[in-house]
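Here the structure comes first, spelled out in structure tokens, and everything after it is commentary.
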Amino acid sequence: MDSMIREIDDSRAIPLELLHLADPSDEMLDSYLDRSIGFVCLHDSEIVGALLMIPTRPYTMEIMNISVYEKYQNQGIGRQLIKKAVRKARD
């Protein structure tokens with residue numbers, strides 16, 4: 001599968017339907033969405049996976065949400081998102 005992982009500037013651009021797969025609570029999503037660093041996986045220009053992480057203390061990031069639409073699961077997308085997040089956190 002051809003997919004592209006990229007960092008996004010606005011976590012609110014991620015479809016809530018996708019984020020709700022990992023965190024069904026709007027209240028919880030609202031608590032970290034605006035301060036998240038986000039990555040999306042695009043397939044044919046469609047967002048099919050996403051990862052949100054936040055800085056929790058100096059030199060520490062926490063993954064708050066990682067979601068992949070069921071149709072695209074078991075294809076390595078989650079692994080690609082985590083690798084990208086680890087590289088970003090190390091920077």
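Here the structure is a predicted model, which is why all the values come from computation and not from measurement. Note that the numbering runs from 1 along the sequence shown for the chain.
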Once side-chain contact (heavy atoms from CB on, under 4.5 Å) is applied, do any residues pair with Met61, and if so which ones, sequence neighbours excluded? Ile37, Met53, Pro55, Ala89
Measure across Ala50 and Leu81 and return the closest heavy-atom pair with its distance rounded to 0.1 Å. N-CD1, 3.7 Å
Over all atoms of both residues, closest heavy-atom pair of Gly49 and Ile77: CA-CG2, 4.5 Å
I'd like to know if the side chain of Ser67 reaches the main chain of Leu21, judged simply by a donor and an acceptor atom lying under 3.5 Å from each other, with no hydrogens or angles considered. no
Shortest non-hydrogen contact between Leu52 and Ser11, atoms and distance: CD2-OG, 3.5 Å
All heavy atoms of Tyr32 vs all of Ile54, minimum pair found to be O-CG2, 4.0 Å
Selection residues 46-60 - residue pairs positive for side chain to side chain donor-acceptor pair (under 3.5 Å), sequence neighbours left out: none
Nearest-0.5 Å distance, OG of residue Ser36 to CG of residue Leu19: 9.0 Å
All heavy atoms of Ile8 vs all of Phe39, minimum pair found to be CG1-N, 4.3 Å
Counting heavy atoms not belonging to Asn74, are there more than 12 under 6.0 Å from its CG? no
For the atom pair CE (Met28) and CG (Leu33), what is the distance rounded to the nearest 0.5 Å? 12.0 Å
If you look only at pairs with a residue in residues 62-87, which of them pass as a salt bridge (charged side-chain N to carboxylate O under 4.0 Å, His left out), with sequence neighbours excluded? none
For Ile82, enumerate each residue passing the side-chain contact (heavy atoms from CB on, under 4.5 Å) test, keeping only those at least two apart in sequence or located in another chain. Leu51, Ile63, Ile66, Val86
Check this for me: Asp30, atom CG, are more than 12 non-hydrogen atoms of other residues, nucleotides or ligands nearer than 6.0 Å? yes
Begin with the C-alpha distance, continue with both residues' side-chain angles, and end with the deciding distance and a verdict on side chain to side chain contact (heavy atoms under 4.5 Å, CB included) for Leu29 and Asn65. CA-CA 9 Å; Leu29 278 172; Asn65 189 307; 3.8 Å; yes
Residues 34-43 vs salt bridge (charged side-chain N to carboxylate O under 4.0 Å, His left out), sequence neighbours excluded, gives Arg12-Asp34
Salt bridge (Lys or Arg N to Asp or Glu O under 4.0 Å) partners of Asp26, counting only residues at least two apart: none
Do Met64 and Leu16 sit in one hydrophobic cluster, given that two such residues count as connected whenever their side-chain heavy atoms are within less than 4.5 Å of each other, even indirectly? yes
Using a 4.5 Å cut-off on heavy atoms from C-beta on, say whether the side chain of Val68 contacts that of Cys41. no
